[in-house]
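Everything on this sheet refers to the single structure shown next.
For clarity, every value in this text was computed on a predicted model and none was experimentally measured.
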Amino acid sequence: MPEVPEVEALREFLDGQLVGKEIVRALPLTVNVLKTYDPPLSALEGTTVTEVGRRGKYLDIVTRRGDGAPLHLAIHLARAGWLRWRDSFPAAPPRPGKGPLAARFVLADGTGFDLTEQGTTKRLAVHLVRDTAEVPGIATLGPEPLDPAFDRAAFVRLLAGERRQIKGALRDQRLIAGIGNAYSDEILHVAKMSPFKQVRNLSEEEITVLYDAMTSTLTDAVERSRGIAAGRLKAEKKSGLRVHGRAGEACPVCGDTIRSVSFSDSSLQYCPTCQTGGKPLADRRLSRLLK
């Protein structure tokens, strides 16, 4: 799933491609992609893009018609969704419900973008609203981890009273916006902490280490992604990951074998030497199968 670095790179890319241009066609092409109905998606047609923002994992494309009130096209790509920029489109209109194509947005100059989603589980979400606070997933987001105002003191206040494991806390969008499965693994590897460590057991020094690992990991990933075309961002993300998705490979820090713990719908990766004192973590799904 795209996280803060990839969505921020997409935001920068789209800001350069969309701002000042008119949307002439907005087509939802699958039943489930559009999550709002007032205003209709067709209300975008004839509006001009004035800004492209981001909140957590959401893109926020802002448009206006003359001096009218803004509309916000909020897009969440979910796990299997993606945005594909197009310099031109076929003359024939797309057929709804065919293949991975979920929505199409065409500009007056003939360029635009498609939203696509692979697989049978459809979670890609498009909202057209007058205020992003109308989008439930945005309204409940926690602070942005790279916001200059989100300093160590703010991080400490956020963790106060937390009784979860660090991995789950980092992934909770209501706590911190935009960090998902991949970058939580990367942050914990840099911090040399077990994903199962309890937040309430963190010392003051460990909180500082975790905060520094979070900011450095995300900042480095944003810089790596900056300027890369939309079609190459997924490959760039994978190439920059040190442990996530690399089970069975050698840890780039110590050389130990990276291990994995599987859950019902996801998995985490970690280095035993760097993060758990050399002890492998129990794979709970495998343990249940062996009982």
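Taking 4.0 Å as the cut-off between side-chain N and carboxylate O, Glu12 and Arg226 count as a salt-bridged pair. In this structure, Arg55 pairs ionically with Glu144, as a charged nitrogen and a carboxylate oxygen lie closer than 4.0 Å. A salt bridge links Lys197 and Glu206; the closest N-O separation between the charged side-chain nitrogens and carboxylate oxygens is under 4.0 Å. Under a 4.0 Å N-O distance rule, the pair Asp60/Arg11 does not qualify as a salt bridge. A salt bridge links Asp114 with Arg104: at least one charged nitrogen is closer than 4.0 Å to a carboxylate oxygen. Residues Arg152 and Glu204 are paired through a salt bridge, judged by an N-O separation under 4.0 Å between the basic side chain and the carboxylate. Using a cutoff of 4.0 Å between basic side-chain nitrogens and carboxylate oxygens, Lys167 and Asp185 are scored as salt-bridged.
Looking at Asp151, its side chain does come within 3.5 Å of a backbone N or O of Ala154 through a donor-acceptor pair. Side-chain atoms of Glu249 do not come within 3.5 Å of backbone N or O of Arg246 as any donor-acceptor pair. Between the side chain of Glu162 and the backbone N or O of Ala169, no donor-acceptor pair lies under 3.5 Å. No side-chain donor-acceptor contact under 3.5 Å links Arg64 to the backbone of Gly66. Of the possible polar contacts, none joining the Arg123 side chain to the His76 backbone as a donor-acceptor pair under 3.5 Å is found. Remark: the backbone N or O of Lys57 is not paired with any side-chain donor or acceptor of Glu3 at under 3.5 angstrom. A donor-acceptor pair under 3.5 Å is absent between the side-chain atoms of His127 and the main chain of Val129, judged by distance alone.
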Before giving the answer on side-chain contact (heavy atoms from CB on, under 4.5 Å), spell out for Leu170 and Tyr183 the whole-Å C-alpha distance, their side-chain angles and the decisive distance to 0.1 Å. CA-CA 9 Å; Leu170 289 175; Tyr183 285 107; over 6 Å; no
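Using a 4.5 Å cut-off on side-chain heavy atoms (C-beta onward), Gln17 and Thr111 make no contact. For the pair Phe196/Val261, a side-chain contact is recorded, criterion being any heavy-atom separation below 4.5 Å from C-beta on. Side-chain contact between Leu115 and Phe105: present, with at least one pair of heavy atoms (C-beta onward) separated by less than 4.5 Å. Looking only at side-chain heavy atoms (C-beta outward), Leu188 and Gln275 come within less than 4.5 Å of each other. Looking at heavy atoms from C-beta onward, Glu117 lies out of side-chain contact with Pro100 at the 4.5 angstrom threshold. Between Val126 and Leu73 the shortest side-chain heavy-atom distance falls below 4.5 Å. Side-chain contact check for Thr63 versus Thr50: every heavy-atom pair is 4.5 Å or farther apart. Side-chain contact between Met193 and Leu202 is present, with heavy atoms from C-beta onward closer than 4.5 Å.
No side-chain donor-acceptor contact under 3.5 Å links Glu223 and Ser225.
Closest non-hydrogen pair, Glu45 versus Arg25, comes out as OE2-CA, 3.5 Å.
Heavy atoms of other residues, nucleotides or ligands lying less than 6.0 angstrom from CZ of Arg84 number 12 at most.
Among residues two or more places apart in sequence or in another chain, the side-chain hydrogen bond (donor to acceptor under 3.5 Å, both in side chains) test is passed with Thr219 by none.
Members clustered with Val253: none, using a 4.5 Å side-chain heavy-atom cutoff among hydrophobic residues.
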